[in-house]
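To start, the structure itself, in structure tokens.
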Amino acid sequence: MLKKAGKDIPTKSGTKTNPKSQKEVPGQMLDKASKEIPTTSGTKSQIMMRLEKMVEESDIMHGVIRSVDMDEGVFGIAHSELIAKEDMQQLFEHEELGIAVIHTYIWYMYDTLMRGTELCNRFNFIAASRINTTFITKNPTSIMNELVDRFMVVGDNITPSLYFLPFNSGNGGHWVLVAMDLSRLMVYYLDSLPGNWSKYPSMKKTVDAAILKFRSKKNYRNRKDITWVRVQCPQQNNLIDCGFFVLRFMRDIITLNRIDIPKMVWNNNLGFILILSDISSNLLLNHEYVLFS
């Protein structure tokens with residue numbers, strides 16, 4: 001049996017901080033009745049239960065691993081993701097999401113929402129398996145160059161666009177979303193727990209260095225400093241759902257085709273359980289070869 005990609009990165013909460021220096025950019029305040037954001041607990045639909053039964057009857061439950069091959073449009077380079085029993089169990093048993101599920105859902109969004117449209121020029125993904133706290137600690141220069149190489153794939157980056165980085169805190173295991181606009185020197189930070197980027201100083205330093213190095217290689221003038229913005233976004237009410245929230249943030253931004261994230265409005269009525277519904281009814285059922293090929 002092959003070792004599952006991303007298994008060594010769990011997703012638990014970080015610590016609460018309230019630094020005076022963070023820049024708050026509100027979206028729309030949730031009213032009192034809707035402050036409790038729905039989580040994925042206890043929300044198995046009939047289609048999810050049918051899918052669970054299908055998986056139980058497949059050879060994936062007996063140690064067989066599936067490989068999902070993604071073309072270079074998704075992460076800038078060709079990428080393969082291994083799907084194993086443990087990944088299915090993360091969904092069925094409502095566990096913290098690992099890298100394999102995060103990447104496979106990104107592939108689904110690219111394939112169903114973006115491929116062949118102008119959205120490919122506005123939104124780009126960075127593989128979470130290549131950039132996280134653990135790797136940055138070991139070799140920050142190498143990780144910075146990884147980011148620069150990803151930026152270079154897209155071309156001039158003069159037109160406003162966003163690079164999505166689902167960032168994991170490593171041994172702490174918490175997922176946050178970092179969205180970079182290279183043309184306007186803006187970095188948006190979306191976290192479903194309180195606090196801001198000061199929790200991950202090495203990540204901020206690496207991202208800033210990569211953006212400046214990219215602009216230098218392109219001979220772009222830096223007329224201002226890089227601005228980091230903490231976007232006010234819905235908050236999780238448990239220690240499990242951070243991965244689901246990061247996926248939902250990306251999906252909403254792409255669906256609304258918005259580069260200016262702070263002006264975006266999250267509609268709580270949509271419910272974060274729709275991510276789970278997407279994964280069950282669309283991602284896995286519509287791509288049956290993930291299970292049975």
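Positions are given from 1 along the sequence. Just so it is clear, the model here is predicted, and its values are computed rather than measured.
- Of all heavy-atom pairs between L247 and M109, the closest is O-SD, 4.3 Å.
- Summarising the geometry, atom CD1 belonging to I253 is positioned 9.5 Å from atom OH belonging to Y188; distances are rounded to the nearest 0.5 Å.
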Legend entry - Criterion side-chain contact (heavy atoms from CB on, under 4.5 Å) on M114 and R122, from CA distance to verdict: CA-CA 9 Å; M114 297 170 54; R122 291 173 64 80; over 6 Å; no
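- When hydrophobic clusters are built by joining Ile, Leu, Val, Met, Phe, Trp and Tyr residues whose side-chain heavy atoms come closer than 4.5 Å, directly or via intermediates, M152 is grouped together with I126.
- At distances below 3.5 Å, not a single donor-acceptor pair connects side-chain atoms of Q232 with backbone N or O atoms of R230.
- Side-chain heavy atoms closer than 4.5 Å link hydrophobic residues (I, L, V, M, F, W, Y) into clusters, and following such links, even through other members, never connects M144 to L147.
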Inset, instruction - Apply salt bridge (charged side-chain N to carboxylate O under 4.0 Å, His left out) to D71 and R115, showing your working. - result: CA-CA 11 Å; D71 61 69; R115 188 183 295 278; 2.8 Å; yes
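- With contacts defined as side-chain heavy-atom distances shorter than 4.5 Å, the pair I131/V207 does not qualify.
- Ring planes of F75 and F125: perpendicular class, angle over 60° (limits at 30 and 60°).
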Inset, instruction - Take F167 and M203 through the test side-chain contact (heavy atoms from CB on, under 4.5 Å) and record every step on the way to the result. - result: CA-CA 9 Å; F167 182 79; M203 177 271 290; 3.5 Å; yes
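- When atom types are taken as modelled, the side chain of T104 and the backbone of V101 share no donor-acceptor pair closer than 3.5 angstrom.
- When hydrophobic clusters are built by joining Ile, Leu, Val, Met, Phe, Trp and Tyr residues whose side-chain heavy atoms come closer than 4.5 Å, directly or via intermediates, M186 is grouped together with V231.
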Inset, instruction - Take S192 and W175 through the side-chain contact (heavy atoms from CB on, under 4.5 Å) test and state the conclusion after the steps. - result: CA-CA 8 Å; S192 56; W175 288 103; over 6 Å; no
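- Proximity of a side-chain donor or acceptor of H103 to a complementary backbone N or O of A127 within less than 3.5 Å is not detected.
- Residues Q236 and C242 approach most closely at OE1-CB, 3.2 Å, considering heavy atoms.
- The side chain to side chain donor-acceptor pair (under 3.5 Å) test with H174 is passed by exactly one of N168, T133, D191: D191.
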Inset, instruction - Might you work through the side-chain contact (heavy atoms from CB on, under 4.5 Å) test for R258 and D252, ending with a clear yes or no? - result: CA-CA 9 Å; R258 300 294 297 269; D252 281 1; over 6 Å; no
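- Taking the side chain as every heavy atom from C-beta outward, F135 and R130 never approach each other to under 4.5 Å.
- With values rounded to the nearest 0.5 angstrom, S129 atom OG is found 11.5 Å from I102 atom CD1.
- Classified by interplanar angle (parallel below 30°, tilted 30° to 60°, perpendicular above 60°), the ring pair Y200/Y189 is tilted.
- The cluster map of Ile, Leu, Val, Met, Phe, Trp and Tyr, joined by side-chain heavy atoms under 4.5 Å apart, puts V74 and F123 in the same cluster.
- The aromatic rings of F245 and F249 stand perpendicular to each other, their planes meeting at an angle above 60°, with 30° marking the opposite boundary.
- For the atom pair CG of L113 and CG of D111, the computed distance is 9.5 Å after rounding to the nearest 0.5 Å.
- F214 and V187 fall within the same hydrophobic cluster, defined by Ile, Leu, Val, Met, Phe, Trp and Tyr side-chain heavy atoms under 4.5 Å apart, directly or through other members.
- The line from CD of Q90 to CZ of F244 is 8.5 Å long, rounded to the nearest 0.5 Å.
- Looking only at distances, no side-chain donor or acceptor of D208 sits under 3.5 Å from a matching main-chain atom of K205.
- Judged purely by atom type and a 3.5 angstrom limit, W228 has no side-chain atom pairing as donor or acceptor with the backbone of N196.
- The two atoms that bring A210 and V148 nearest to each other are O-CG2, 3.5 Å, heavy atoms only.
- Interatomic distance, K213 NZ to D149 CG, rounded to the nearest 0.5 Å: 8.0 Å.
- In terms of heavy-atom proximity, V246 sits nearest to V176 at CG2-C, 3.6 Å.
- Taking the six-membered ring where the residue is Trp, Y163 and F151 present perpendicular rings, their angle passing 60° and hence far from 30°.
- Nearest heavy atom pair, residue P160 against residue R184, reads CB-NE, 4.4 Å.
- The closest donor-acceptor contact from the side chain of T206 to the backbone of S202 lies under 3.5 Å.
- Rounding to the nearest 0.5 Å gives a distance of 4.5 Å between CZ of R215 and CG of L185.
- Contact annotation: the side chain of M250 approaches that of P166 to within less than 4.5 Å [non-hydrogen atoms, C-beta and beyond].
- S183 and D181 form a side-chain donor-acceptor contact under 3.5 Å, judged by distance and modelled atom types alone.
- Minimum interatomic distance between A179 and I261 (heavy atoms only, all atoms of both residues): CB-CD1, 3.8 Å.
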